[in-house]
*Asks:* 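Shown below is the structure under consideration.
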Amino acid sequence: MSSDSRRAQRQRRQARGFSVRVIAVVAVLALVALAAGVITTLQGPRVTSVQADATAAVGSPGSRVIFETTQSLQKVDAAQVTITPTAPFSVDTSGRSVGIRFTDPLWDETTYTIRIDRLAGLGGGPASTVEESFATPKLHSYVLQRSEGGDKIYRVDLDGNTEPVFEHEHIEDFRATAAHLVVSTLEDGVSHLIVTRTDGSHPQELALPGEGVVTNLQSAERGNTIGYTFTDADISASGGRESLLFTGSTADPGAGPAEISVTGADKRVEDWRFVPGTDTILMLTFDGALSLVSSAGAPPVELGNAIGIDDIAGTTAYIERVDGPAIVDLASAKENPLPPTAGELGQTGSVLAMSDGSTLRALTPFDGLNPLGTNIMRVDADGKTSVVAKVDPADGLLQTCVSPSGRYAALVIAPNVVDNPYDGYTLPLPTTLETRIYALDGTQVTVMEGFDVAWCRKAPSL
């Protein structure tokens, strides 16, 4: 046999041996995979990873916790899910994942445990129970302090720690969103809107309708939309734009603003609110007309006359009518009077909505014509009341706001209001202001210098 023939025969034997080894390895791997699959099926679905943003969960509604598991899953029903402490939620199932979406923001510095019972794979086999816990961080917010040496926005927490994040000679107002600060400044009688990151960096100027003055700055509950009323700097008796409503976007500061108006009505806006979770705006014009206006161009819905807008929770609006406070369902336009409190508790001022159906009301009792201070009271759906805070008659209550989770109330107070002179801003306020934070059980948590705490949807009113 020639040397070439022997070499070819040897190569064929080596090739057959390699093929046998490859087949053996593949067979072993297949057996391992099959065994792993059998074990997984016998054990039921197990969690391989959990995704959660605890910081976002404290600050805004709609945060999610996502469980990734070892198997494609049968649909999980809300009845299979237990959350401790309790929090409203919805659940969705997709492939190997289960998502828990929290309806409301969660409490700060709280450990939440999520347990899912009877978790079952699509391929059958035993069900399992999975349980995971996560802790929410400290709650923080922002406040504005005006002073003769320049105005500052501070990042604050409930322990009293403060950190300056933005400074300007003249800050009228600001709003904080999940990703931005929107600051209304004034220079030579003309407003500017400055958009920054939440740490005050990367400032950009947001385009305005022209040279004029911005008031009633607000931001949508989600996304990048902001709104404000605008008045021309050169307005006079002969003409000019006055208190018109515009919206813009922090995602595109250079884009031109969009005017929001109702055809055939007074375009001047007295007060307004974004309606959470929709593209609509509740607008009160100078002529007292209350309208629900769609930014997408749908026909407006007329809601009669009003003298003020107190608050909106979902599609429920708390309105001040001439004959008293009312509750309006914006989805159906149906209306009911606000359930009254006992007469001895005093006259109802502002009304704030809570996610559990209760309200937070400012009630002022009188001795003849003399006010006896103001009590901030929680009123549940059955009319039961509890005191959250008391304001001395010598102090002025300018605003009450509720934290995103509904755990705290913030009171903007002007101490010794009679001897507390107003500043010279377009939005004039007493020169000494403080924000008092209370838990809803009546415990005072902290006192901060300044106002405009970021929980508030708008600036204090006079």
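These values consider heavy atoms only, across backbone and side chains, with no hydrogens, waters or symmetry-generated copies.
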*Asks:* What I'd like to find out is whether the side chain of Ile319 reaches to under 4.5 Å of the side chain of Leu282, using heavy atoms alone.
*Replies:*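 Answer yes - side chains close enough.
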*Asks:* Yes or no on side-chain hydrogen bond (donor to acceptor under 3.5 Å, both in side chains) for Thr229 and Thr215, after CA distance, side-chain angles and deciding distance?
*Replies:* CA-CA 5 Å; Thr229 49; Thr215 53; 2.5 Å; yes
*Asks:* On the 0 to 90° scale, with breaks at 30° and 60°, tag the His170-Tyr425 ring pair as parallel, tilted or perpendicular.
*Replies:*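 Taking Tyr425 first and then His170, their aromatic rings sit tilted (interplane angle of 30° to 60°).
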*Asks:* Hey, could you give me the CE/CD distance between Met448 and Glu434, rounded to the nearest 0.5 Å?
*Replies:*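 Separation between the atoms: 11.5 Å.
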*Asks:* Might you work through the side-chain hydrogen bond (donor to acceptor under 3.5 Å, both in side chains) test for Asn416 and Asn420, ending with a clear yes or no?
*Replies:* CA-CA 6 Å; Asn416 298 313; Asn420 195 342; over 6 Å; no
*Asks:* Give the C-alpha distance, both sets of side-chain angles, the deciding distance and a yes or no for side-chain contact (heavy atoms from CB on, under 4.5 Å) between Thr225 and Ser249.
*Replies:* CA-CA 5 Å; Thr225 304; Ser249 173; 5.6 Å; no
*Asks:* Check whether Thr48 reaches the backbone of Glu68 with its side chain - one donor and one acceptor, N or O, closer than 3.5 Å.
*Replies:*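 Side chain of Thr48 to backbone of Glu68, a donor-acceptor pair under 3.5 Å: yes, one is there.
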*Asks:* Can you tell me if CD on Glu259 sees more than 12 non-hydrogen neighbours from other groups inside 6.0 Å?
*Replies:*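 For Glu259, atom CD is crowded (more than 12 foreign heavy atoms under 6.0 Å).
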*Asks:* Atom CD of residue position Glu449 - does it have more than 12 heavy atoms of other residues, nucleotides or ligands inside 6.0 Å?
*Replies:*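 Counting other residues, nucleotides and ligands, CD of Glu449 stays at 12 neighbours or fewer.
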*Asks:* Is there a side-chain hydrogen bond (donor to acceptor under 3.5 Å, both in side chains) between Asp173 and Tyr228? Walk through the geometry before answering.
*Replies:* CA-CA 11 Å; Asp173 192 11; Tyr228 51 88; over 6 Å; no
*Asks:* Verify the distance criterion only: is there a donor paired with an acceptor across the side chains of Thr374 and Thr364 at less than 3.5 Å?
*Replies:*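 Yes, a side-chain donor-acceptor pair sits under 3.5 Å.
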*Asks:* Can you say whether the rings of Phe166 and His168 are parallel (under 30°), tilted (30 to 60°) or perpendicular (over 60°)?
*Replies:*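 Parallel, since the angle between the ring planes stays under 30°.
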*Asks:* Stepwise, does the side-chain contact (heavy atoms from CB on, under 4.5 Å) test hold for Leu290 with Ile309?
*Replies:* CA-CA 9 Å; Leu290 186 69; Ile309 302 171; 4.1 Å; yes
*Asks:* How many angstroms lie between atom OG of Ser191 and atom CG of Leu217, to the nearest 0.5 angstrom?
*Replies:*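 If we round to the nearest 0.5 Å, Ser191:OG and Leu217:CG are 10.0 Å apart.
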*Asks:* Is Glu169 atom CD crowded by more than 12 heavy atoms from other residues, nucleotides or ligands, each under 6.0 Å away?
*Replies:*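 Result for CD/Glu169: open.
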*Asks:* Walk me through it: do Asn216 and Lys458 pass the test side-chain contact (heavy atoms from CB on, under 4.5 Å)?
*Replies:* CA-CA 7 Å; Asn216 210 339; Lys458 56 177 290 188; 3.9 Å; yes
*Asks:* Just wondering, are more than 12 heavy atoms of other shown residues or ligands nearer than 6.0 Å to CD in Glu131?
*Replies:*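 Counting neighbours around CD of Glu131, more than 12 heavy atoms of other residues, nucleotides or ligands fall under 6.0 Å, so yes.
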*Asks:* Side chains of Ile83 and Tyr112, heavy atoms from C-beta outward: is any pair under 4.5 Å?
*Replies:*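 SC-SC contact between Ile83 and Tyr112 confirmed.
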*Asks:* Apply the salt bridge (charged side-chain N to carboxylate O under 4.0 Å, His left out) test between Arg146 and each candidate in Asp151, Asp452, Asp423; give the one that qualifies.
*Replies:*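 Per the salt bridge (charged side-chain N to carboxylate O under 4.0 Å, His left out) rule, the option paired with Arg146 is Asp423, out of Asp151, Asp452, Asp423.
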*Asks:* Got Val214 and Glu172 here, is their nearest side-chain heavy-atom distance under 4.5 Å?
*Replies:*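 The answer is no; the side chains never approach within 4.5 Å.
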*Asks:* Is it true that a side-chain atom of Thr446 and a backbone atom of Ile437 form a donor plus acceptor pair closer than 3.5 Å?
*Replies:*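 Between the backbone of Ile437 and the side chain of Thr446 there is no qualifying donor-acceptor contact (under 3.5 Å).
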*Asks:* Would you indicate whether the side-chain heavy atoms of Leu139 and Ser405 approach each other to under 4.5 Å?
*Replies:*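 Ser405 vs Leu139: side chains apart.
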*Asks:* Indicate the atoms forming the closest heavy-atom contact of Ser243 with Thr231, along with that distance.
*Replies:*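 Smallest heavy-atom distance, with atoms named: N-OG1, 2.9 Å.
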*Asks:* Decide, yes or no, whether a salt bridge links Arg273 with Asp271 under the criterion of side-chain N to carboxylate O below 4.0 Å.
*Replies:*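 Yes, Arg273 and Asp271 are salt-bridged.
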*Asks:* State, to 0.1 Å, how close Pro126 and Pro45 come at their nearest heavy-atom pair, and which atoms those are.
*Replies:*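 In this case the closest contact between Pro126 and Pro45 is O-CD, 4.0 Å.
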*Asks:* Looking only at heavy atoms, what is the nearest atom pair of Pro203 and Ile194, with distance?
*Replies:*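 Of all heavy-atom pairs spanning Pro203 and Ile194, the closest is CB-CG2, 3.9 Å.
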*Asks:* Do Pro61 and Arg222 have side chains that get closer than 4.5 Å, going by heavy atoms?
*Replies:*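 The answer is yes; the side chains approach within 4.5 Å.
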*Asks:* May I ask you to decide if Asp108's main-chain N or O and Arg407's side chain share a donor-acceptor pair within less than 3.5 Å?
*Replies:*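 Yes; at least one donor-acceptor contact below 3.5 Å.
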*Asks:* Checking side-chain contact (heavy atoms from CB on, under 4.5 Å) for the pair Asn375/Leu345: CA distance, chi angles, key distance, verdict?
*Replies:* CA-CA 8 Å; Asn375 296 323; Leu345 294 177; over 6 Å; no
*Asks:* Please report the shortest heavy-atom distance between Pro276 and Gly314, naming the atom on each side.
*Replies:*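 Minimum heavy-atom separation between Pro276 and Gly314: CD-O, 3.4 Å.
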*Asks:* Looking at Ile376, Thr385, Thr348, which one forms a side-chain contact (heavy atoms from CB on, under 4.5 Å) with Leu363?
*Replies:*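 Among the candidates, only Thr348 passes.
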*Asks:* What is the distance from atom OG1 of Thr250 to atom CZ of Arg175, rounded to the nearest 0.5 Å?
*Replies:*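 The distance works out to 14.0 Å.
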*Asks:* With side chains defined as the heavy atoms from C-beta onward, is the minimum distance between Thr177 and Asn224 less than 4.5 Å?
*Replies:*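 Side chain of Thr177 against side chain of Asn224, heavy atoms only: no contact under 4.5 Å found.
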*Asks:* Relative to the ring of Phe174, is the ring of Tyr142 parallel (under 30°), tilted (30 to 60°) or perpendicular (over 60°)?
*Replies:*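 Rings of Tyr142 and Phe174: perpendicular, as their planes differ by over 60°.
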*Asks:* Can you tell me if Glu167 has over 12 outside heavy atoms packed within less than 6.0 Å of its CD?
*Replies:*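 Counting other residues, nucleotides and ligands, CD of Glu167 exceeds 12 neighbours.
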*Asks:* For Ile327 versus Pro339, what's the shortest heavy-atom pair and its separation?
*Replies:*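 So the two residues come closest at CD1-CD, 3.8 Å.
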*Asks:* Identify the heavy atoms of Tyr318 and Ala353 that sit nearest to each other, and give their distance.
*Replies:*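 It is CE1-CB, 3.4 Å.
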*Asks:* First locate atom OH of Tyr422, then atom CG of Leu427, and finally report the distance between them rounded to the nearest 0.5 Å.
*Replies:*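 Separation between the atoms: 10.0 Å.
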*Asks:* Looking at side-chain heavy atoms only, is the closest gap between Arg321 and Val328 below 4.5 Å?
*Replies:*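 Touching, per the 4.5 Å side-chain cut-off.
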*Asks:* Before accepting this row, confirm whether a basic side-chain N of the pair Arg64/Asp92 lies closer than 4.0 Å to the acidic partner's carboxylate O.
*Replies:*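 Yes, Arg64 and Asp92 are salt-bridged.
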*Asks:* How about Leu206 and Ile226: do any of their side-chain heavy atoms sit closer than 4.5 Å?
*Replies:*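 Leu206 vs Ile226: side chains touch.
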*Asks:* I need the single residue from Val47, Thr69, Val81 that forms a side-chain contact (heavy atoms from CB on, under 4.5 Å) with Leu119. Which is it?
*Replies:*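 When side-chain contact (heavy atoms from CB on, under 4.5 Å) is applied between Leu119 and each of Val47, Thr69, Val81, only Thr69 qualifies.
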